[in-house]
Student: 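One structure follows; several queries about it will come next.
Labels below follow one simple rule: chain letters A, B, ... track the order of the sequence lines, proteins then strands, and each chain is numbered from 1.
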Amino acid sequence: MQVAKIDVKQETPVDHGEMICFSIYSGPEADFGNGKSCIWVDLLAEGGKTILAEFAPFFEDTSIKKAMFPSLILLSLCRHLVVWHNYSFDNHIIENYGFKVSGFHADTMHMARLWDSSRQTEGGYSLEALSGDPRVCHDENLIGKVSMKTIFGRGKVKKDGSNGKIITIPPVEDLQREERKLWICYSALDSISTLNLYESLKRKLSGMEWKVDGRIEGTMLDFYEKYWQPFGELLVTMETEGMLVDRSYLAEVEKVARAEQQVAGNRFRNWASKYCPDAKYMNVGSDTQLRLLLFGGTLNSKDQNESLPLEKDFKVPNIEKVIEEGKKAPTKFRNIKLCRLESKLEPEMYTASGWPSVCGDALKTLAGKVSAEFDFTDEAQVLETKEGVSEDKEAAYGTAYAAFGGGLKGKEACHAIAALCEVCSIDSLISNFILPLQGSHISGKNGRIHGSLNINTETGRLSARRPSLQNQPALEKDRYKIRQAFVAAPGNSLIVADYGQLELRILAHLANCKSMLDAFKAGGDFHSRTAMNMYPHIREAVEQKSVLLEWHPQPGEDKPPVPLLKDAFASERRKAKMLNFSIAYGKTAVGLSRDWKVSVKEAKETVARWYNERKEVRNWQDERKKEACSTKRCVHTLLGRARLFPSVDQVTSSQRGHIERAAINTPVQGSAADVAMCAMLEISKNLRLKELGWRLLLQVHDEVILEGPTESGEEAKAIVVECMSKPFDGKNILRVDLSVDAKCAQNWIMGPIQSSWIFHSAFFFSLFFCHMGNRHLCLPSNNIRPKEASSVRRAEFSIVRRTGNSVAHHLARNARCISDIAVWKDAAPRR
DNA sequence: TTGCAATGCGCC
DNA sequence: AAAGGGCGCATTGCAA
């Protein structure tokens, strides 16, 4: 299928994009008439829409019979199962025409991910990359998909008439009309490649053992059919469902955010301009400018031959309408000269490439724990400060205090840098959420936003795109209450349910760690319990009842009789909590020492304390590392999905370190993803929920959101909790309970967060979409990296051959449907 | 004008 | 010697 009028990089396929053609292929034995095995349908031709309507029964369910369609063909077609490459996209495009797509059988994109989850940097998962990779498809008689760029790309003619390096591709509508023969071959090849890919992947997955807990359950093809096939379909329905967003609320929030950002930005610029006049006009969001302003002249920590310049010109919008020398009128942009503010300021953190870092953490070290509210250019506040009205303590100021000479100047610097942090955080909220959530490109006609939920991570987690709802500010940090903009439709409510410490529970299960399992069994505050286990003096205090592990207020009590552990030993608990999360991710003592700003020795000691009662965890981690670095080269998740690593013989030691950490993390993160997936399948299978009208909308790692009628909220909530607590066919196969917290609310702020969407498709049909609207596609010729973006604009599918030949035959005979037929041998001329 | 690498930041 | 797993996405500044 090819689609026009959609920009896949920006827009959701729900309610965006139009199909311009599609092709069908069901294997070489199928005969569409005259020995042709592939048909291609032109929807741009006169009456294109009518042709599509004729195919409606093919897309839809058998029960929806259209009289206009010859019933014989209809019946045989509808019994077919369809395989797609990136089903999500095609499904949405077809649904844009009002058809419900049925007969989903498999998605080769997901199958490929299951077979090898580590292709993202090495080929990727586009149809082109997969079908052209001899390790995937090795049929000598078939060639893989050939990219549009290869076939239709032309060097863009430069102004001087010479051929440029930039490759352009004409709009697909033009190609379809003007390069007809080639175009038909190209699109036919997509469906053929998809079928070929499907057969290959089926063989691959069938050859992989599927083991759960050491017991053979079948092959990975069985796994696919049991889990990822229905999961793929579920994700698509969730994308279609979408979520309602309150735009007027967001518009209000935007005003406030912009105003606050402006104030904080001016505060910083005013201060900086005392040292460097042009800083008054700088872009505080540019890390390049900031780096020079704060650390100009510093050496690169990785290459002592390189250093930042002491001053540099930057191009900024000429808002002040300054008329530069030699110019008559103000230009659109102008140059400003930035220089280092204070040479005593020393960078403490560096970026990966060795330059001083200006990230939030680095800036906070400079500023210390001070408020961004003080504006020392404001006389009144300066006076107040001099009189000692503000309670600032010198200890709270960061390293900038001394570097800028201490006293008032030092304080000024710290407060200004704190204001800078504020600007950055507000900016990211605006550009990541407040703006995109108001745009129409990610929402459909009904005003709901339809992001995408993808199975495209190495561990099997979902990712959410357009928008990326998974990085919404956490409840406590959501200064503009953005989650409040996600609302239930009138008469409906949301159920927001999340797992408590899912990954830690998984780790406890996988490592069979007694201490952790006991702590979970005991319930209460897990991190406090960890702290108690790590520090004998805390344990003593608990045993003597001079502190409480946790406290459940009884009627009439307004505070605990003795202090709580989390208050009395706050820093120990904080460390315990960080260790709980960090260790599962493979973090080392050196990393922790930097985070905590303590010596490596001290960090090592703390880590040792953590492992002391959790020896099983260390053993388990060592086993995983060995497994990853052995000839097996892989680790597995709870449900038996594998993650393959490169051979350790061929990597650097730092890459080996990465492999070892991933080997520890993947089973934990990937198993958590398995649990969340099973829970969602349980929820979607639940007949009572269906009956009550509750639908899944979103998932974010350990949290799900449903929407349904308010009146049945409580009943539905109980069912959801049940499904999540026993996600494996109604059972919990873990050694540890799954704790679930669920709320019923009108908007998301009342509870936890989440969302995502998928893409994918596979086998008899090939639907071609073209996107990019009327714009020409411009690609530099050296861009050989097949990105997912390119696969997203295509959708390919095929029908599993059951009665393939007769169907093909009938279709081919319906001349009104078919403008042309292409056989694969004619396809894909190489240029 | 467009794409890209580097950087940074949010979440779990 | 360095040492955090997994993502998506925005912006900047530069290259083609």
Student: Could you check how far CG of A:Leu338 sits from P of C:dT12, rounded to whole Å?
Tutor: 14 Å
Student: Would you name the heavy atoms of A:Arg505 and A:Ser739 that are closest together and state the gap between them?
Tutor: NH2-CB, 3.4 Å
Student: Give me the distance, rounded to whole Å, that separates C:dA2 from B:dC9 when you measure between the P atoms they each carry.
Tutor: 22 Å
Student: Applying side chain to side chain donor-acceptor pair (under 3.5 Å), run through A:Thr459 and A:Gln669 and close with a yes or a no.
Tutor: CA-CA 7 Å; A:Thr459 58; A:Gln669 197 180 109; 2.9 Å; yes
Student: Can A:Arg633 be said to sit on top of A:Phe645's aromatic six-ring, NZ or CZ under 6.0 Å from centre and within 45° of the ring axis?
Tutor: no
Student: Rounding to 10°, can you tell me the angle the first-five-pair axis of the helix from B:dT1-C:dA16 to B:dC12-C:dG5 makes with its last-five-pair axis?
Tutor: 10°
Student: What is the nucleic acid contact for A:Phe433, judged by heavy atoms within less than 4.0 Å: base, sugar-phosphate only, or nothing?
Tutor: nothing
Student: Identify which nucleotide among C:dG13, C:dG6, C:dG5 has an atom closest to any side-chain atom of A:Arg661, counting heavy atoms from C-beta outward.
Tutor: C:dG5
Student: Looking across every strand, which nucleic acid part, if any, lies under 4.0 Å from A:Val668 by heavy atom: base, sugar-phosphate, or nothing?
Tutor: nothing
Student: To the side chain of A:Ser428, which of B:dC9, C:dG5, B:dC12 is closest?
Tutor: B:dC9
Student: State whether A:Lys604 places a side-chain N or O below 4.0 Å from either non-bridging phosphate oxygen (OP1 or OP2) of C:dA3.
Tutor: no
Student: Given that A:Ala662 and A:Ser653 both sit by DNA chain C, which one's nearest nucleotide is further toward the 5' end?
Tutor: A:Ser653
Student: Hey, does A:Ser582 reach any base, or is it just sugar-phosphate, or nothing, if we go heavy atoms under 4.0 Å?
Tutor: base
Student: Between A:Glu623 and A:Lys626, does at least one N-O distance fall below 4.0 Å, as a salt bridge requires?
Tutor: no
Student: Give a yes or no on whether the backbone of A:Arg461 and the side-chain of A:Thr457 come within a donor-acceptor separation of less than 3.5 Å.
Tutor: yes
Student: Strictly below 4.0 Å: does A:Asn283 bring a side-chain N or O up to OP1 or OP2 of C:dT12?
Tutor: yes
Student: I want to confirm an ordering. Mapping A:Phe314 and A:Thr588 to their closest nucleotides on DNA chain C, which one lands closer to the 5' end?
Tutor: A:Thr588
Student: Is the shortest side-chain N/O distance from A:Ser286 to OP1 or OP2 of C:dG13 below 4.0 Å?
Tutor: yes
Student: For A:Gln289, answer base if it contacts any base atom (sugar-phosphate contacts may also be present), sugar-phosphate if it contacts only those atoms, and nothing otherwise; contact means non-hydrogen atoms under 4.0 Å.
Tutor: sugar-phosphate
Student: Quick one, A:Arg643 with A:Ser117, criterion side chain to side chain donor-acceptor pair (under 3.5 Å). Give me CA distance, side-chain angles, the key distance, then yes/no.
Tutor: CA-CA 6 Å; A:Arg643 175 168 175 188; A:Ser117 66; 5.0 Å; no
Student: Which listed nucleotide (B:dT7, C:dG13, C:dG4) is nearest to the side chain of A:Trp355?
Tutor: B:dT7
Student: Does a side-chain N or O from A:Arg291 land closer than 4.0 Å to OP1 or OP2 of B:dG8, or not?
Tutor: yes
Student: In terms of side-chain heavy atoms of A:His658, which of B:dT7, B:dC12, C:dG6 is nearest?
Tutor: C:dG6
Student: Heavy atoms under 4.0 Å, any strand shown: does A:Arg461 hit a base, just sugar-phosphate, or nothing?
Tutor: base
Student: Please report the distance, rounded to the nearest Å, between CD in A:Gln699 and P in C:dG6.
Tutor: 18 Å
Student: What contact category does A:Gly360 fall into here, base, sugar-phosphate, or nothing, at under 4.0 angstrom with non-hydrogen atoms?
Tutor: sugar-phosphate
Student: Determine the contact category for A:Arg656: base if any of its heavy atoms lies under 4.0 Å from a base atom, sugar-phosphate if only primed atoms, P, OP1 or OP2 are that close, otherwise nothing.
Tutor: nothing
Student: Where the side chain of A:Thr351 is concerned, which of B:dG8, B:dC12, C:dG5 is the nearest nucleotide?
Tutor: B:dG8
Student: Angle class for the A:Phe520/A:Phe526 ring planes (parallel below 30°, perpendicular above 60°, tilted otherwise)?
Tutor: parallel
Student: For a side chain to side chain donor-acceptor pair (under 3.5 Å) check, start with the C-alpha distance between A:Gln438 and A:Glu254, then their side-chain angles and the critical distance, and finish with the verdict.
Tutor: CA-CA 10 Å; A:Gln438 293 179 79; A:Glu254 185 182 339; 2.8 Å; yes
Student: Under 4.0 Å, heavy atoms only, any strand: does A:Gln669 hit a base, just the sugar-phosphate, or nothing?
Tutor: base
Student: Quick one: does NZ or CZ of A:Arg618 land under 6.0 Å from the six-membered ring centre of A:Trp620, within 45 degrees of the ring axis?
Tutor: no
Student: At 4.0 Å (heavy atoms only), tell me whether A:Ser357 reaches a base, stays on the sugar-phosphate, or touches nothing.
Tutor: sugar-phosphate
Student: Between A:Arg643 and C:dG5, is there a contact of a side-chain N or O with OP1 or OP2 at under 4.0 Å?
Tutor: no
